Every structure is written in C-alpha cells, then in structure tokens.
Amino acid sequence: MLINLTSSLRLRVYKPSIWRLPALVAMLVLVGACSEKSVEKQGETPKNTETVIIIGAGLSGLNSALLLEEQGYKVTVLEAKNRVGGRIYTLDDVPGRPEAGGNTISTNYARIIDRANKLSLALVPAPDVVGGMRTMQLYIDGQFLAPQAWATFSGNTFPAPIKRVPPGSMIFAALRENPLQQPSDWLQEEYQKYDVAISNIFNGMGLDERSKQLVNQTNSYGDTLDSTSLLALYRTAASYAKAGDIQGGLSAIEGGNQRLPEAMAAKLKNPVLLEKFVSSIALNDTGVVVTTSDGKKYEADYVISSIPLTALRKINITPALPALQQRAINEIDYSKTLIVQLTVTGEYWGEHTPSLWTDTKIERIFATSLDGSGNVTNLTFWLTGANAEYFSGMQTEARDKALLDTFYAIYPKAEGLVTLEKVVDWGSDPLILGTWPAYKPGQIREFGNAIAPPHGRLHFAGEHTALSNTGMEGAMESSERVVSEILRNKNKHAVATAALDPKSLFVTCMACHSLNEGEPHKLGPNLYGFFGQSAAIQEGFNYSPALKNAGIVWDKSILRKWLTAPDKLVPGTLMTYRGTLSEPELEQLIDYLITQTNPKVNP
C-alpha cells in the first residue's frame, strides 16, 4: 500500500493496485533506430537525411524512434529479444492476459497517455486485488491477521508510536518527512546528504532486527535496508505524491499493456529488427558503427542506447566512455524480482482473504479477477531481493514445486484449485538482470549526473536516465531529452541545417499541451491564446490551487521563470517540468509558443 504518514500517524492512502505496492511502475529494455548501410540496406536514403541507430525496442527506444521520424530522421530499431516492449510484458499465453512487467498507468503519465491516444489505444481501469488492498490480510508467524489486528499482535515488535503501521507499509511511512519538493530535486546538490541507507531511518525509529527483517521482506528497491538508498526512495515517494495530487485512478491498455509498444513499433517506417544482439559501438567524428553478434555492421550518424545499464555494460564502446560514466554502468545493479502467475478454478481461501502479505518466501499474494466476473481468476506471487534469488537458483521443476508447496502450506484447500502457469524471473534475464535501478547508498551522489550525458555521437535514453519521472513515464521522458540532444548535435555539427527548428524544442511539451484552438486539454491545458492572460483561466481544465492563486500573467519574464523551474515560481504546482534549455533555446521556445498560440497569427 502506498502511503504518506502524517505526524499524527494518520494514513493517506492513494488508490493502490497490485503493482503499486512493490512499485513496478513499469520498466523497459529498449532497442531503436538505425540506417543499415553495410548489410540488409533499407533502401536509398536521401542525401541530407540523417540516420540514427537506437539499441533497444522498449518504450524509450520506440518513442525516440517515432519522435526522430517526425523530425525527418531515418530510424531502424535493433532489439535483442524476439519481441518489442522490454519490461512491458503482457502474458498473452496465460488465461486473463496478466502483466509480468509494467502494470499500471498513473494519472500523471502524460506521455504514455498521449501516445496511447495518438495510436487509438483505449485505456481501461487497471485490475485491483479482489476485495481491495485495505482488507488484505497479513500472514505472519503462521497466523492470519486482519490489518487492524496487527497493532496488538504478539509478534509485532514495532515501537509503540508506529505499532499499527503494517510491515508492508513501513518503508513509505519512514518517508513521511520527504525533503524533495519535486521528484526532479533528487540530483540537486543540497539533497545529496540523503543518499544514505534507509536503515538509518529505521534505526532512529528504534526498530529491532526482527522488525527490520519484516520491513525488508518486501523491499522492492534493494537487497537489504543497509544497501538501499534513502534518496532513491524519497524520489519514488515524491513521484507517487505528484500522482496522488491528480484526479483519476490507475489505468491500463485495453487488451494488455504490450499493445502499446506493439502499436508504436507498427507505426515506424522500418520494421524493428529482432534478435539483434549488439556487441560493439565504434564512434568517430562523422558517424557510428554498431556491430551485432552475428557479425553484421550498421552505420549511422548517431546511436542511442536505451537498454538497461546491466545490458549496456556488455557492449564494447570505442573510444572508451569517461571513467565515471563507465563505473556507473558497471556498478549500478537492478532490483531482483520474480513474478509467478497462476490461474484459479475455485475458492481456496475459506474464511480468509484471497490476497495476503506474508513473511514467507513467496512474500505477496495478489488475487485478481481478469474476466470481468468479479470472481478470483488469477493469482500473482511477487518476490523481490533474497527471496527472488532463492527460487532463481533452482531447477524449473524444483522451483515450481517449492513455490506451490509454500502456497499450499498457507492455504491447504488450494491444492487442485490453482495452476502455476508461468514464472518470469527478471533477475535471471541476461538482457536485464532485474527490474529497475537499485541504488546503493552513495551511488546517486557519485553517479547520478554521470549516467545520461552523451559521449560524442552516442546518446543515452531509458528510465534510468530520466530526471523527473520513474517507470514507464520516465522512459518516455528520457526519449524526449535524447531527441532534443540529437537535434542540438545536428545543429552543432552543421550536417544539414544551420539553425535549430524552434518547433523541435516543443517536443518536451507536446505530450502535456495542445496549441491549436479547439484541441482538447491533455494532462496540461490547451495553450491557445494564453500569452498576456492571467494564469489558470482556461475553461474545462482543473488547475492546481497553487496556480489558481498565484496571481501571475503570462508575459515573457514570467515564462522564462516558469519554463526554468515552475515549482520555484509557483510552489505547489503540479507541473513537474525541469528546464534544461540554453538561454537562446528558451527564447526560441517562448517565441514559438507565443506565435503558435496567438489568435492573430494562428487563427
């Protein structure tokens, strides 16, 4: 359950889903675009058309490819797997089509929602646990406990002031005094002092070793509390808080979230090239050469790596990356996660709830109804850290038996009523080795600003390079940044044009804002006719109270401040944008916005 704990220990609960608890807000392995000049040529390329190779066909790589094609680049996608989507993974071969990867789309996922709308993909409410998360029982020391019974349970060794907080909620309870005002604050120097172990907080709260063991039981962000960065958790909590401020529940793509990357890939001018394992990247002053494990070479003007750091570390890059950037790639590991999907044919739970938080090796049991009946049809076991690794080390038959035996020990009546359909072991996937970056204490301070900078004509995308967002939205955010970098690189190298098209600067704004009269609002308002007007007056848009009461008028001076750091201009705003444009680029963007939204110029 995702919570904020107030000083009076009253819980503020955001509408949860089975994946919000462990916070798999979706991640992705990406392989994108290239012009293949030496082998399997994709036809003749016009003389001034620039080419890009994107390594990875997850959300970040695919969105980068689509954005670059819109700017006139020739793009081809190289993907090591036999499917697109990376850590978006709908299990189409399991009844109910459960998700084994990115599961829910939050209300603040503007880029995901905008891309889904552009591709005519319907959003539907995301499945929740049957009966709801609030009633989900605990199973500790072999006993079933209602949530309200935890406070008085004899095995509860939490200190008195926090005794009623369930173990699965304790990590976010410890983050109640989050110093980050915006998720993007996490890389700023003033907050680096929080890049310490989360265990420091629990030690200060007086938790004994048994209590900390229970808290770590479902720690999705590191192997142990001592190896989990507090600052990384503050960033995650700040992101969830922003989502909680926006009206609406969690959603998913109709038919499975996999439909989104599939539709994105289908929209590309050139098909994604599957099962292409990149072994080396060679850079020079005029272009790049990417070599795959089958010996084929692909030449282009630029290359984007959108694959996880754990996969990137296997690629030989020449000339070598800066030492600090290479260390970041080599040393940042990903959270170990194992997802077990089962189908259900009868009521196995008796007088208890069908979903549980447990202190056993299968950790969390989520019961869902995926056929619309309201009856339990599917089960998910969600395992992290040491428990995930415990089962990863077994042979398939022994592993499956051990998983079911643990479940049957809790629910003896379940035998014969459930079928283990599939196990997805992200930690053992050689192309990923986990789900999302699990920052150790000190790694954000040392590596946080070293991961994303381009290296010559090699650029980096992916959720791990995002500033403001995590998960699926972080992947999409990173694609906008990397495309802007290439557009600037194009200008710097003067390959085809002498000046940056100001329309290209709007690439980081268009997922949230429309410009033309009559176009619908998105996550942000339609901007038609805004210049010279008071803030927060567009009809039909639900502005934040902070912006409504700001008393500002949109002139150039205010726009400069707003597009640099909106939260500094209007504390409490829901806009999470963090400006990265140079002063000349900012002026170009402002002039473009004024011109495009001016009724006299663009009626």
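All figures in this text were calculated on a predicted structure; none of them were measured in a lab. Start at 1 with the first residue, then count along the sequence.
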Could you pull out all residues at least two apart from Trp186 that satisfy ring-ring contact (aromatic ring centres under 6.0 Å, His included)? Tyr439

Looking only at the aromatic ring of each residue, does the gap between the centers of Phe366 and Phe381 stay below 6.0 angstrom? no

Between atom CE of Met394 and atom CD of Glu389, what is the distance when rounded to the nearest 0.5 Å? 12.5 Å

Taking all heavy atoms of Leu383 and all of Glu363, pick out the closest pair and write down the distance. CA-OE1, 3.5 Å

Is the closest side-chain donor-acceptor distance between Thr157 and Ser211 under 3.5 Å? yes

Nearest-0.5 Å distance, CD1 of residue Ile253 to CD of residue Glu262: 11.5 Å

For the CD atom on Gln395, are there more than 12 heavy atoms of other groups (residues, nucleotides or ligands in this structure) within a distance under 6.0 Å? no

Asn219 versus Thr228, side-chain donor and acceptor atoms under 3.5 Å: yes

Judged by modelled atom types alone, do Thr337 and Thr435 share a side-chain donor-acceptor pair under 3.5 Å? yes

Counting only heavy atoms not in Lys548, do more than 12 sit closer than 6.0 Å to its NZ atom? yes

Parallel, tilted or perpendicular: which fits the ring planes of Phe172 and Tyr221, with parallel below 30° and perpendicular above 60°? perpendicular

Regarding Gln192 and Asp195, do their side chains bring together a donor and an acceptor under 3.5 Å, going by distance alone? no

Do the non-hydrogen side-chain atoms of Arg259 and Asp92 ever get within less than 4.5 Å of each other? yes

Using side chain to side chain contact (heavy atoms under 4.5 Å, CB included), reason through Glu477 and Ser468 one step at a time and then give a plain yes or no. CA-CA 8 Å; Glu477 173 198 321; Ser468 297; 3.5 Å; yes

Partner of Ile362 under side chain to side chain contact (heavy atoms under 4.5 Å, CB included), picked from Phe407, Tyr139, Trp382, is Phe407

Output yes when Lys212 and Asp208 qualify as a salt bridge under the 4.0 Å nitrogen-oxygen rule, no when they do not. no

Interatomic distance, Thr90 atom OG1 to Asn257 atom CG [nearest 0.5 angstrom]: 5.5 Å

Donor-acceptor pair, Arg164 side chain versus Trp150 backbone, under 3.5 Å? no

Are side-chain heavy atoms of Leu260 and Ile88 found at a separation under 4.5 Å? no

Within 6.0 Å of OH in Tyr390, more than 12 heavy atoms from elsewhere: no

Is a side-chain N or O of Ser229 found less than 3.5 angstrom from the main chain of Leu231, in a donor-acceptor match? yes

Has the side chain of Ser335 got a donor or acceptor atom that lies under 3.5 Å from a matching backbone atom of Ala438? no

Does a side-chain heavy-atom distance below 4.5 Å link Thr358 with Ile140? no

Are side-chain N/O atoms of Asn63 and Arg115 paired as donor and acceptor at under 3.5 Å? yes

Taking NZ, NE, NH1 and NH2 as the nitrogens, is one of them in Asp223 or Lys440 under 4.0 Å from a carboxylate oxygen of the other? no

Check the side chains of Trp436 and Thr470 for a donor-acceptor pair under 3.5 angstrom, ignoring hydrogens and angles. no

Measuring from atom OG1 of Thr368 to atom CG of Asn375, what distance do you get when rounded to the nearest 0.5 angstrom? 12.0 Å

With the side chain counted from C-beta on, respond yes when Ile171 and Leu233 share a heavy-atom pair under 4.5 Å apart, and no when they do not. yes

Honestly, is Arg445 close enough over Tyr194, meaning NZ or CZ under 6.0 Å from the six-membered ring centre and within 45° of the axis? no

Any ion pair linking Arg210 and Asp359 (charged N to carboxylate O, less than 4.0 Å)? yes

Are any non-hydrogen side-chain atoms of Tyr89 and Gln258 less than 4.5 angstrom apart? yes

For a 4.5 angstrom cut-off between non-hydrogen side-chain atoms, does Leu370 reach Pro127? yes

Side chains of Leu123 and Glu254, heavy atoms from C-beta outward: is any pair under 4.5 Å? no

Less than 3.5 Å apart, any donor N or O on the side chain of Glu463 or Ser478 sitting next to an acceptor on the other? no

Exercise: do Ser373 and Asp371 side chains pair donor with acceptor under 3.5 Å: yes

When you measure from the side chain of Thr573 to the backbone N and O of Val570, does any donor-acceptor pair fall under 3.5 Å? no

Judged by atom type as modelled, is there a donor-acceptor pair below 3.5 Å linking the side chain of Gln137 to the main-chain atoms of Thr353? yes

Under 3.5 Å, side chain of Gln341 to main-chain N/O of Pro95, donor-acceptor pair present? no

By salt bridge (Lys or Arg N to Asp or Glu O under 4.0 Å) - contacts of Asp429 (at least two apart): Lys81

Are the side chains of Leu338 and Trp426 in touch, meaning some heavy atoms are under 4.5 Å apart? no

If you round to the nearest 0.5 Å, how far is CH2 of Trp349 from CD1 of Ile365? 12.5 Å

As a test of understanding, state which of Asp226, Thr224, Asn216 forms a side chain to side chain donor-acceptor pair (under 3.5 Å) with Ser199. Asp226

